[in-house]
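Worksheet: the structure to be examined is printed underneath.
In what follows, residues are counted from 1 in the order of the sequence shown. All ligand and atom numbering here is 1-based and tracks the order in the structure.
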Amino acid sequence: MNIGFVGAGAMGSLMAANLMRAGHALSVHTRTRQKADGLLAQGARWAESPAAAAAWADCFVTMVGGPQDVEAIYFGGALDQARPGALLVDMSTSSPKLAERVHAAAKSRGLAAFDAPVTGGPQGAATASLIIMVGGDRAEFERARPVLAALGSSVLYFGGPGNGQRAKLVNQVVVMQNILSAIEGLFLARKSALDPEAVLQMLQNGLADSKSLRGAAVRALKGDFAPNFDPRHVVKDLSLAIEEADSLGLDLPGLKNARARWQELVRRFPGARAVQEVARLYA
Ligand SMILES: NC(=O)c1ccc[n+]([C@@H]2O[C@H](COP(=O)([O-])OP(=O)(O)OC[C@H]3O[C@@H](n4cnc5c(N)ncnc54)[C@H](OP(=O)(O)O)[C@@H]3O)[C@@H](O)[C@H]2O)c1
């Protein structure tokens with residue numbers, strides 16, 4: 001398949017490489033061109049714009065920052081330039097309502113659009129073991145599945161347009177509060193002069209155990225802040241989740257508190273590029 005790919009960032013560069021590894025031809029566009037150098041060296045062709053990538057593609061994939069980028073790409077030319085019958089797959093974490101708008105605009109042009117955000121981070125992207133949450137038309141989903149299967153170990157269909165994003169936002173509500181609670185617990189242990197290793201073992205053997213406790217929180221304790229997930233994207237995701245909950249008349253105070261913590265991180269440490277750097281607020 002000819003795949004047009006937009007967004008060669010922390011996740012997209014690894015995912016696009018997996019699509020080529022699976023035998024697809026790739027045309028890539030990304031805002032900062034040198035971020036595509038690795039993909040071009042592996043045989044991808046450069047597209048001068050997202051619309052140019054869409055015009056060439058049987059399947060057009062976006063992995064950009066958030067709703068503003070998604071809106072600019074789809075309504076700024078990609079929808080108009082896409083080939084008849086093409087698949088459009090937005091894998092960024094974005095707004096469910098925007099996904100519905102893209103889907104409707106696509107359908108009216110004879111195109112099949114999906115929202116297919118992911119979880120698993122750069123490690124999952126590198127090893128093609130992402131969990132992918134899909135929203136869109138069931139009848140068209142089987143056409144998109146082989147492309148998605150080259151990127152993840154689990155491709156989950158959640159229903160109509162926007163439902164992939166809704167499932168992803170639920171994931172973020174749980175994961176980010178989980179990371180925050182693990183970090184707060186471990187930094188309380190450290191401040192109390194408890195042996196952090198002993199506390200960690202106790203937590204991991206009890207009800208508190210979680211992947212966050214074994215991953216992000218441990219890295220935070222060690223001061224390992226290698227870039228993985230931009231804290232500005234965390235604020236974006238939690239804001240989208242709050243917006244979605246508000247639109248349903250649901251108040252989620254724990255979620256608002258978590259967002260305030262990452263907002264504070266972004267304000268005080270604008271260079272932060274790892275999710276667990278929220279621990280800096282507790283040092
Ligand atoms: N990192 C993670 O662990 C993770 C996990 C799951 C989901 N996500 C989600 O996946 C998406 C991508 O994450 P990421 O970590 O790869 O983010 P990222 O490193 O910020 O990458 C996004 C890329 O998209 C490019 N871009 C943005 N708007 C564009 C446009 N209009 N045209 C062309 N390129 C554009 C950016 O260009 P510049 O380089 O010029 O900024 C950047 O390279 C986000 O929605 C994020 O929330 C991330």
Side-chain angles (χ1 to χ4, degrees), residues 4-18 27-39 44 46-54 60-79 81 89-96 98-99 102 115-134 148 151-152 154 164-165 167-176 179 211-212 215-216 219 225-241 259 262 266 271-278:
F5 197 101
V6 180
M11 298 288 289
S13 53
L14 301 165
M15 293 162 65
N18 283 336
S27 175
V28 62
H29 177 82
T30 197
R31 191 163 50 199
T32 306
R33 183 174 170 154
Q34 61 266 34
K35 292 194 185 176
D37 283 351
L39 292 169
W46 174 250
E48 284 302 331
S49 65
F60 178 68
V61 180
T62 44
M63 190 57 173
V64 291
Q68 285 175 349
D69 306 324
V70 173
E71 178 150 21
I73 289 168
Y74 283 88
F75 292 101
L79 276 163
Q81 292 301 315
V89 187
D90 178 34
M91 306 192 75
S92 330
T93 303
S94 177
S95 145
L98 176 58
V102 170
D115 44 302
V118 307
T119 183
Q123 202 187 336
T127 55
S129 58
L130 294 168
I131 295 171
I132 305 175
M133 294 144 276
V134 186
L148 299 175
L151 301 171
S154 188
Q165 296 295 353
K168 168 69 186 185
L169 295 181
V170 170
N171 181 74
Q172 298 308 76
V173 170
V174 176
V175 169
M176 294 306 156
I179 289 176
K211 284 191 177 176
S212 305
R219 288 200 288 277
F225 296 136
N228 51 26
F229 183 36
D230 191 322
R232 293 169 296 185
H233 289 327
V234 178
V235 173
K236 176 257 303 178
D237 290 2
L238 301 190
S239 298
L240 287 168
R259 178 178 63 171
W262 269 282
V266 169
R273 292 293 176 268
V275 64
Q276 72 272 18
E277 287 188 79
V278 73

Test Leu79 against Phe60 for side chain to side chain contact (heavy atoms under 4.5 Å, CB included), laying out the working first. CA-CA 10 Å; Leu79 276 163; Phe60 178 68; over 6 Å; no
Would you give the length of the straight line joining atom CD of Glu277 to atom CZ of Arg219, rounded to the nearest 0.5 angstrom? 11.5 Å
Going by atom types alone, do Ser129 and Thr127 pair a side-chain donor with an acceptor below 3.5 Å? yes
Please work out whether the ring planes of His29 and Trp46 are parallel, tilted or perpendicular, with thresholds of 30° and 60°. tilted
May I have a table of the N/O to N/O pairs between ligand 1 and the protein that fall below 3.5 Å, each row giving the two atom names and the distance to 0.1 Å?
| unit_1 | atom_1 | unit_2 | atom_2 | d |
| --- | --- | --- | --- | --- |
| ligand 1 | 1 (N) | Asn228 | O | 2.9 |
| ligand 1 | 16 (O) | Ala10 | N | 3.2 |
| ligand 1 | 16 (O) | Met11 | N | 2.8 |
| ligand 1 | 17 (O) | His233 | NE2 | 3.2 |
| ligand 1 | 19 (O) | Ala10 | N | 2.9 |
| ligand 1 | 20 (O) | His233 | NE2 | 3.0 |
| ligand 1 | 28 (N) | Asp69 | OD1 | 3.4 |
| ligand 1 | 34 (N) | Arg31 | N | 3.1 |
| ligand 1 | 39 (O) | Lys35 | NZ | 2.7 |
| ligand 1 | 40 (O) | Arg31 | NE | 3.1 |
| ligand 1 | 40 (O) | Thr32 | OG1 | 2.5 |
| ligand 1 | 41 (O) | Arg31 | NH2 | 2.9 |
| ligand 1 | 45 (O) | Val64 | O | 3.1 |
| ligand 1 | 45 (O) | Gly65 | O | 2.6 |
| ligand 1 | 45 (O) | Thr93 | N | 2.9 |
| ligand 1 | 45 (O) | Lys236 | NZ | 3.0 |
| ligand 1 | 47 (O) | Lys236 | NZ | 2.7 |

According to ring-ring contact (aromatic ring centres under 6.0 Å, His included), who are the partners of Phe5, at least two apart in sequence or on a separate chain? none
Answer yes if the side chains of Asn228 and Gln123 hold a donor-acceptor pair under 3.5 Å, and no otherwise. no
